[in-house]
Structures are given as structure tokens and as C-alpha cells.
**Q** 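Quick one: the structure is below, questions incoming.
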Amino acid sequence: MNDSVFLCPSDELVEGRYREFRIEQGGDPVWLIATRIGESPRAWLNVCPHQGRPLNFAPDRFLTDPEQRLVCAHHGAVFEPDGGVCVSGPCQRASLTAVPVSENEGRVSVECTTPINTPG
């Protein structure tokens, strides 16, 4: 397995905007959410801990609240962008599953030194 998988150019991740990406792992698709917090890219599995559904309402379309926190389109759970912890809604205090990412020479990559654990 490669040590990393290219996700996107660095300038595609903007603070306050969430993006959806698809990577493959072991021949299976894995859907991710990514954003930027300050200088750092962040990524999580696109799976709400409440019922295991994707957080977006359409491909690459996510809801946010006035504080730019991620909102699950299906049940209204609100996740803070720094650590992916639910701060409001049906899965309060649960967390999105973080995916390690790195940024180097204008490229954001997912670190795949170990398999990404998908729920279910």
C-alpha cells in the first residue's frame, strides 16, 4: 500500500468550506470530508456517528452554521471543525472519525500507512 494518496491541491481547501473526496482503499471506495483550519488541512470519514449516513445533502455540498461548523444534513448534528466533535444534536460528544492528512509542496494527501477504519 502507498504511504499516501493525493487528495487535492492545497489551494482547494479553504477554511470554513467543506469538501467531499473519494479515495480507494483495498479496492473499496472511502468517502472523506476535508477542510482547512488555520494552516492545517483536516479530514474525516464522511459518516455521521448518529446513524452512519453521509453528512452532505448532495455531492460535495455540506451545510454549515454561522460559526462555520459542519452540520449533518440528515439529523442536524453540529460538529466543530477542529476535532470533529459533535457539539449539538442527536450524537452530542461523539466524534467524526479523523483521517490523517499531510500537506507538502502544494499538495494535500491522505496518510494511508494503516487502513482507514470505516464504520459498519
Side-chain angles (χ1 to χ4, degrees):
M1 179 184 302
N2 292 337
D3 289 340
S4 64
V5 174
F6 174 74
L7 200 60
C8 66
S10 293
D11 61 2
E12 286 189 17
L13 287 186
V14 178
E15 190 160 4
R17 180 166 182 244
Y18 296 87
R19 297 286 318 276
E20 180 181 41
F21 295 96
R22 178 184 183 266
I23 64 169
E24 288 201 16
Q25 191 170 53
D28 294 323
V30 177
W31 294 94
L32 306 176
I33 303 165
T35 192
R36 180 174 297 283
I37 305 299
E39 299 292 317
S40 302
R42 301 286 169 90
W44 304 273
L45 292 178
N46 186 7
V47 178
C48 181
H50 178 228
Q51 288 188 339
R53 297 177 71 177
L55 283 90
N56 49 324
F57 64 91
D60 203 29
R61 301 290 305 264
F62 294 91
L63 299 174
T64 57
D65 70 3
E67 296 174 41
Q68 299 305 312
R69 298 179 298 188
L70 183 62
V71 177
C72 177
H74 302 286
H75 300 104
V78 178
F79 299 89
E80 56 84 15
D82 191 42
V85 175
C86 181
V87 295
S88 177
C91 54
Q92 198 161 352
R93 292 184 291 285
S95 295
L96 298 173
T97 302
V99 175
V101 291
S102 63
E103 186 170 27
N104 190 19
E105 297 180 3
R107 297 168 52 96
V108 176
S109 299
V110 174
E111 298 302 312
C112 294
T113 54
T114 58
I116 297 170
N117 294 321
T118 55

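We use all heavy atoms of the structure for the numbers below, so side chains are in, but hydrogens, waters and symmetry mates are not.
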**Q** Would you give the length of the straight line joining atom CG of Leu32 to atom OG1 of Thr97, rounded to the nearest 0.5 angstrom?
**A**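 If we round to the nearest 0.5 Å, Leu32:CG and Thr97:OG1 are 11.0 Å apart.
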**Q** Are Phe57 and Val71 grouped together when hydrophobic residues (ILVMFWY) are joined by side-chain heavy atoms under 4.5 angstrom apart?
**A** yes
**Q** Are Trp44 and Val110 connected into the same hydrophobic cluster when the rule is that any two of I, L, V, M, F, W, Y join if their side-chain heavy atoms are below 4.5 Å apart?
**A** no
**Q** Any idea which heavy atoms bring Gly83 and Arg42 closest together, and the distance?
**A**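 The answer is N-NH1, 4.5 Å.
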**Q** Please round to the nearest 0.5 Å and tell me the distance separating atom CZ of Phe79 and atom SG of Cys48.
**A**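 The distance works out to 4.0 Å.
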**Q** Would you compute the distance between atom CD1 of Ile23 and atom CH2 of Trp31 and round it to the nearest 0.5 angstrom?
**A** 11.0 Å
**Q** Is the closest side-chain donor-acceptor distance between Gln51 and His75 under 3.5 Å?
**A**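 Yes, because at least one side-chain N or O of Gln51 sits under 3.5 Å from a partner of the opposite role on His75.
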**Q** Kindly write out the residues that satisfy salt bridge (charged side-chain N to carboxylate O under 4.0 Å, His left out) with Glu24, not counting sequence neighbours, or none if the list is empty.
**A**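 If we apply the salt bridge (charged side-chain N to carboxylate O under 4.0 Å, His left out) test to Glu24, skipping adjacent residues, the hits are Arg22.
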**Q** Return the CD to OH distance between Gln68 and Tyr18, rounded to the nearest 0.5 Å.
**A**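 If I round to the nearest 0.5 Å, the distance is 7.0 Å.
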**Q** Would you say Arg53's side chain and Val47's backbone share a donor-acceptor pair under 3.5 angstrom?
**A**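 No: the side chain of Arg53 does not pair with the backbone of Val47.
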**Q** Restricting to non-hydrogen atoms, name the atom on Leu63 and the atom on Ala73 that form the minimum distance, rounded to 0.1 Å.
**A**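 Result for this residue pair: CD1-CA, 3.8 Å.
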**Q** Nearest 0.5 angstrom please: Ser95 OG to Glu80 CD, how far?
**A** 8.0 Å
**Q** Is Leu13 linked to Ile33 within one hydrophobic cluster, defined over Ile, Leu, Val, Met, Phe, Trp and Tyr using a side-chain heavy-atom separation of less than 4.5 Å?
**A** no
**Q** Atom CD1 of Ile37 and atom CD of Glu15: how far apart are they, to the nearest 0.5 Å?
**A** 5.5 Å
**Q** Which pairs, with at least one residue in residues 57-77 and sequence neighbours excluded, count as a salt bridge (Lys or Arg N to Asp or Glu O under 4.0 Å)?
**A** Arg19-Asp60, Asp65-Arg69, Glu67-Arg69
**Q** Please check if Val30 and Leu7 belong to a single hydrophobic cluster, counting links between Ile, Leu, Val, Met, Phe, Trp and Tyr side chain heavy atoms closer than 4.5 Å.
**A**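 Cluster IDs for Val30 and Leu7 match.
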**Q** Using distance alone, with no hydrogens and no angle criterion, decide if Glu111 and Ser4 have a side-chain donor and acceptor under 3.5 Å apart.
**A** no
**Q** Hey, are Arg36 and Glu103 close enough for a salt bridge, meaning a charged N less than 4.0 Å from a carboxylate O?
**A** yes
**Q** If you compare all heavy atoms of Val101 against all heavy atoms of Val108, which two are closest, and at what distance to 0.1 Å?
**A** CB-CG1, 4.4 Å
**Q** If the condition is side chain to side chain contact (heavy atoms under 4.5 Å, CB included), which residues does Pro9 pass it with, not counting sequence neighbours?
**A** Phe6, Asp11, Glu12
**Q** Where the side chain of Asn46 meets the backbone of Leu55, is there a donor-acceptor pair that is under 3.5 Å apart?
**A** yes
